[in-house]
Amino acid sequence: MNEAGVQRTESVLVRPLAPTDSIPEITRLLHRAYAKQVAMGLQPLAGRQDDATTAERAANSECYVAVRRDGPGERVVGVILFEEQERATFPSFFLKPHVAHFAQFGVDPEAQGMGIGRALLETVERRAREKGATELALSMAEPDRELYDFYVKRGYRFIEHWQWPYTNYRSCILSKAIA
Ligand SMILES: CC(C)(COP(=O)(O)OP(=O)(O)OC[C@H]1O[C@@H](n2cnc3c(N)ncnc32)[C@H](O)[C@@H]1OP(=O)(O)O)[C@@H](O)C(=O)NCCC(=O)NCCS
């Protein structure tokens, strides 16, 4: 990681979203990444949001993208939002002063299992430490047990249940001590 907030893993670079990045490309990537949950009958926002919502969510957070070199240009293969501000009420744990949180975390299915998710998580963990937080929290769909195991393996633990107004499932709030 260098001082510009850029991290490399294999041929993939994690960096802040740039004005030249394509919002529709990111929306499509999110729809592909969350298709598994949609196939389970779940309605995650990232699995069905339109381009205006992708742009609004990026503007209301620190948005990081994982990009891979693609010919002369780059292709976005992953995305994550740090400290997204929402109109919806937050779970009580997110409101604690020592807690930072992330959301809309997705990697293109064809690039999963290669450590890109890990690199995106390391980026938001670093940002949380820089902000002085001692916990990094997230919200996930409770029925997705594989995803729950993914986070537990990475040191996250269950905090509380939460119901967002725009989903059809109960969520689990998880958190990891990062100090
Ligand atoms: C969660 C997610 C972002 C992880 O991204 P990723 O790039 O696959 O993450 P990593 O490669 O760092 O880690 C994947 C883990 O699964 C394992 N794995 C092995 N084969 C895999 C495969 N074909 N696909 C996915 N994971 C695989 C990896 O070994 C790794 O575990 P390990 O680091 O303990 O060995 C990605 O699976 C995703 O987009 N999921 C759908 C959207 C979602 O549910 N997001 C989270 C919302 S809270």
Side-chain angles (χ1 to χ4, degrees), residues 1 7-15 17 25-49 53-54 57-58 61-70 74-84 86 88 90-91 93-94 99-128 135-176 178:
M1 179 76 62
Q7 177 165 341
R8 285 181 191 280
T9 176
E10 296 165 24
S11 56
V12 172
L13 166 80
V14 175
R15 58 157 171 77
L17 181 76
E25 192 184 331
I26 293 170
T27 304
R28 289 195 294 272
L29 181 155
L30 287 167
H31 290 185
R32 288 196 297 278
Y34 281 79
K36 190 192 120 201
Q37 287 191 356
V38 172
M40 292 167 71
L42 307 177
Q43 294 173 2
L45 180 58
R48 59 193 162 86
Q49 70 194 30
T53 304
T54 303
R57 295 187 72 181
S61 62
E62 279 180 35
C63 178
Y64 293 91
V65 288
V67 294
R68 181 185 269 165
R69 212 163 271 136
D70 187 19
E74 286 176 334
R75 194 165 67 84
V76 176
V77 290
V79 63
I80 198 164
L81 302 181
F82 178 68
E83 292 280 72
E84 181 184 15
E86 292 194 44
F90 273 158
F93 193 72
F94 282 15
V99 176
H101 63 273
F102 68 86
Q104 195 199 261
F105 173 37
V107 170
D108 201 328
E110 69 178 37
Q112 288 180 9
M114 297 165 57
I116 297 169
R118 180 188 297 265
L120 287 162
L121 284 178
E122 283 172 1
T123 299
V124 291
E125 286 176 14
R126 173 184 59 84
R127 286 296 298 122
E135 289 280 341
L136 180 61
L138 66 112
S139 170
M140 58 153 286
E142 183 182 26
D144 192 342
R145 302 315 292 179
E146 263 184 40
L147 186 62
Y148 190 92
D149 292 345
F150 170 91
Y151 285 122
V152 168
K153 213 170 151 187
R154 281 160 181 74
Y156 290 81
R157 68 193 188 286
F158 176 78
I159 301 291
E160 61 185 340
H161 287 118
W162 186 247
Q163 183 64 55
W164 296 100
Y166 44 75
T167 56
N168 66 341
Y169 50 79
R170 187 165 73 161
S171 293
C172 287
I173 305 303
L174 309 184
S175 188
K176 175 180 175 176
I178 53 162

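First listed ligand is number 1; within each ligand, the first listed atom is number 1. Since the model is a prediction, treat every value here as computed from it, not as a measurement.
- By the 3.5 Å distance cut-off applied to N or O atoms, Ala33 is not counted among the residues near ligand 1.
- The part of Leu147 lying near ligand 1 is the side chain, judged by heavy-atom distances below 4.0 Å.
- Between Lys36 and Glu146 there is a salt bridge, since a side-chain N of the basic residue sits under 4.0 Å from a carboxylate O of the acidic one.
- Near Gln37, meaning under 4.0 Å from any of its heavy atoms, are these atoms of ligand 1: 44 (O).
- Taking atom 7 (O) of ligand 1 as the reference point, the nearest protein heavy-atom neighbour is Gly117 N, 2.8 Å.
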*Test ring pair (Phe, Tyr, Trp, His ring centres under 6.0 Å) on His101 and Phe90 and set out the steps.*
CA-CA 11 Å; His101 63 273; Phe90 273 158; 5.0 Å; yes

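- Scanning the protein heavy atoms around atom 14 (C) of ligand 1, the nearest turns out to be Phe150 CE1, 3.8 Å.
- Per-atom contact check: atom 29 (O) of ligand 1 does not touch the protein, criterion being a heavy-atom distance below 4.0 Å.
- Ranking protein heavy atoms by distance to atom 39 (O) of ligand 1, first place goes to Val107 N, 2.9 Å.
- Distance check, rounded to the nearest 0.5 Å: CG of Leu120 to OH of Tyr64 gives 11.0 Å.
- Nearest protein heavy-atom contact of atom 47 (C) of ligand 1 is Tyr34 OH, 3.3 Å.
- Near Gly106, with a cut-off below 4.0 Å to any heavy atom, the atoms of ligand 1 are 39 (O).
- In this structure, Lys36 has no heavy atom closer than 4.0 Å to ligand 1.
- No side-chain donor-acceptor contact under 3.5 Å links Asn168 to the backbone of Leu42.
- The presence of a protein heavy atom under 4.0 Å from atom 10 (P) of ligand 1 is confirmed.
- Donor-acceptor pairing under 3.5 Å is recorded for the side chains of Trp164 and Ser139.
- The proximity of Tyr151 to ligand 1, defined as any non-hydrogen pair under 4.0 Å, is limited to the side chain.
- Heavy-atom contacts of Arg118 reach the following atoms of ligand 1: 12 (O), 32 (P), 33 (O) (cutoff under 4.0 Å).
- Among protein heavy atoms, the minimum distance from atom 17 (C) of ligand 1 is reached at Gly113 CA, 4.6 Å.
- The pair Arg57-Glu84 meets the salt-bridge criterion, with a side-chain N (NZ, NE, NH1 or NH2) lying under 4.0 Å from an Asp/Glu carboxylate O.
- Shortest contact from atom 23 (N) of ligand 1 to any protein heavy atom: Gln112 O, 4.5 Å.
- A distance of 9.0 Å separates CD1 in Ile173 from CD1 in Ile159, rounded to the nearest 0.5 Å.
- Below 3.5 Å of separation, one finds an N or O of Arg154 facing an N or O of ligand 1.
- Using modelled atom types, one finds a donor on one side chain and an acceptor on the other under 3.5 Å when comparing Glu135 with Ser175.
- Backbone and side-chain nitrogen or oxygen atoms of Gly115 are examined, and one is located within less than 3.5 angstrom of a nitrogen or oxygen of ligand 1.
- By the 6.0 Å and 45° rule, Arg154 stacks over the aromatic ring of Phe150.
- Ranking the protein heavy atoms by distance from atom 34 (O) of ligand 1 puts Lys153 NZ, 2.8 Å first.
- Considering backbone and side-chain N/O atoms, Met140 never comes within less than 3.5 Å of an N/O atom of ligand 1.
- Look at Arg127 and Glu62 and you find a salt bridge, because one of the NZ, NE, NH1 or NH2 atoms lies within 4.0 Å of a carboxylate O, short of that distance.
- Taking the ring axis of Tyr148 as reference, the NZ or CZ atom of Arg145 stays within 45° of it and closer than 6.0 Å to the ring centre.
- A salt bridge is absent between Glu110 and Arg68: the closest approach of a Lys/Arg side-chain nitrogen to an acidic carboxylate oxygen does not fall below 4.0 angstrom.
- Checked against a 3.5 angstrom limit, the closest N/O atoms of Ala111 and ligand 1 fall outside it.
- In Ser139, the part holding a heavy atom less than 4.0 Å from any atom of ligand 1 is the backbone.
- Counted by atom type alone, Gln49 and Gln104 present one or more donor-acceptor pairs between their side chains at under 3.5 Å.
- In terms of protein heavy-atom proximity, atom 46 (C) of ligand 1 is closest to Phe105 O, 3.4 Å.
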